[in-house]
Structure formats: structure tokens, C-alpha cells
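Proteins come first, then strands; the chains are lettered A, B, ... in the order of their sequence lines, and each starts at number 1. Keep in mind that what you see is a predicted model, and the values were worked out from it rather than measured. All values below come from the heavy atoms of this structure, side chains included, with hydrogens, waters and symmetry mates left out.
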Amino acid sequence: MRYWLMKSEPDEFSIDDLARAPKKSTAWFGVRNYLARNYMRDQMQLGDRVLFYHSSCEVPGVAGIAEVSKLAYPDETQFDKKSDYYDPKATRDNPRWVHVDVKFVKKTRLLPLSELREHKQLAKMQLLQRGNRLSITPVDPAEWKYIESIL
DNA sequence: GCCAACGTTGGC
DNA sequence: GCCAACGTTGGC
């Protein structure tokens, strides 16, 4: 089992939205970065644990825990001309973008980015590296364990 | 709203 | 295949 961090803008979709969603799960649609896509497509397994991270908001940080509940499959929004995520180069025969489903596990206290940065045990987290913009990053098992201990 | 960092695009 | 220009992300 692997561990991940996935960013979502809470104005768009928050941990509370996930808790309220049908079956408490959602398709993680809209990822348009190849590395993030490849993590979902090639590495995510059912039951993998996910730090649900709120980004681009007043206090960015970890807001809850989720798990991978469905393996990668094509992202419907790439075919939808009305969608912000429409990709004219994607076809149903040759889809370019896939995503997993994630399911609510629990809401946690908000663990702010600023606090994550204070812990030297987390200094190597990919999220905290300079210039990191990737919306999906792997989390080291030791980092995961440490974060659980301070949540 | 600013801007650093980084990914993507497209001309050559 | 290089790389400048451009667009996007996301913290501040």
C-alpha cells in the first residue's frame, strides 16, 4: 500500500463535500498533468491512503484522509466540449486523461502548510519542496506515520 | 494581485 | 530537438 497527497481547492471540492457525496466518494477528474496522471494510472492501488489537501484557500493544509476506491479509468470531462477540462486531442478510442475514485475516510483538524513546514521530520516531503506545483504527490510511509501522529 | 517556478507549445 | 514565449499553479 502506498500513500499520497492530493490537492483540491475547497471552493471547488472540499473534504466536507467528499463526506457528503454519494457513497462518500468522488471521481478525481480534471487532472491535466502527465506525472500526476501517471501516478494514478500506474501506481495507485485500491486502499491506498490519501492526504486530502486544501489548496488555493485562506489556510492551505491537510484537511482529512481518503482512500483510493476505484482504479484509474478515463476522465469523462476530456470529451465534454463544455467542460473546462475538455481536451480536443483526446478521443474515446485513445483517451489521454484518466483518474481514480477516492473515498472519504475521515475529516481531521486542519493541519496548515505553515505547520508542516515547521517539522524537520517532514522537510523532505515533496509537497514542501520549492516550486512544487504537482496536484498529486507520493508520501513516504515514514512521513505519513509522522503526520498521523500530529493530526 | 503579485510573482516564482515550472510545464507546455510551437517555430525553427 | 532546442528553447523562447506563454500559460498555469498556488502561496503569500
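- Judged purely by distance below 3.5 Å, without hydrogens or angles, the side chains of A:Thr77 and A:Asp80 never pair a donor atom with an acceptor atom.
- In this structure, A:Leu134 places its CG atom 12 Å from P of B:dC6, rounding to the nearest Å.
- Here A:Tyr85 and A:Trp28 keep their ring centres 6.0 angstrom or further from each other.
- Between A:Arg32 atom CZ and B:dC6 atom C1' there is a gap of 19 Å when expressed in whole angstrom units.
- Going from atom OH of A:Tyr53 over to atom P of C:dG10 covers 9 Å, rounded to whole Å.
- The closest side-chain donor-acceptor pair between A:Tyr34 and A:Arg41, if any, does not fall under 3.5 angstrom.
- Between A:Tyr34 and the phosphate of B:dC6, there is no side-chain N or O to OP1/OP2 separation shorter than 4.0 Å.
- Set against C:dG11, B:dA5, C:dG10, the side chain of A:Arg130 has B:dA5 as its closest nucleotide.
- In this entry the distance linking CG of A:Leu127 with P of B:dC6 reads 14 Å, nearest Å.
- A:Asn132 has its CG atom 18 Å from the P atom of B:dA4, to the nearest Å.
- Within the 4.0 Å cut-off from OP1 or OP2 of C:dT9, not a single side-chain nitrogen or oxygen of A:Lys7 is found.
- Distance, A:His54 NE2 to C:dT9 P: 18 Å, rounded to whole Å.
- Comment: A:Arg49 engages A:Glu67 in a salt bridge, judged by a side-chain N to carboxylate O separation of less than 4.0 angstrom.
- Using a 4.0 Å heavy-atom cutoff across all strands shown, A:Leu113 reaches sugar-phosphate atoms only and no base atom.
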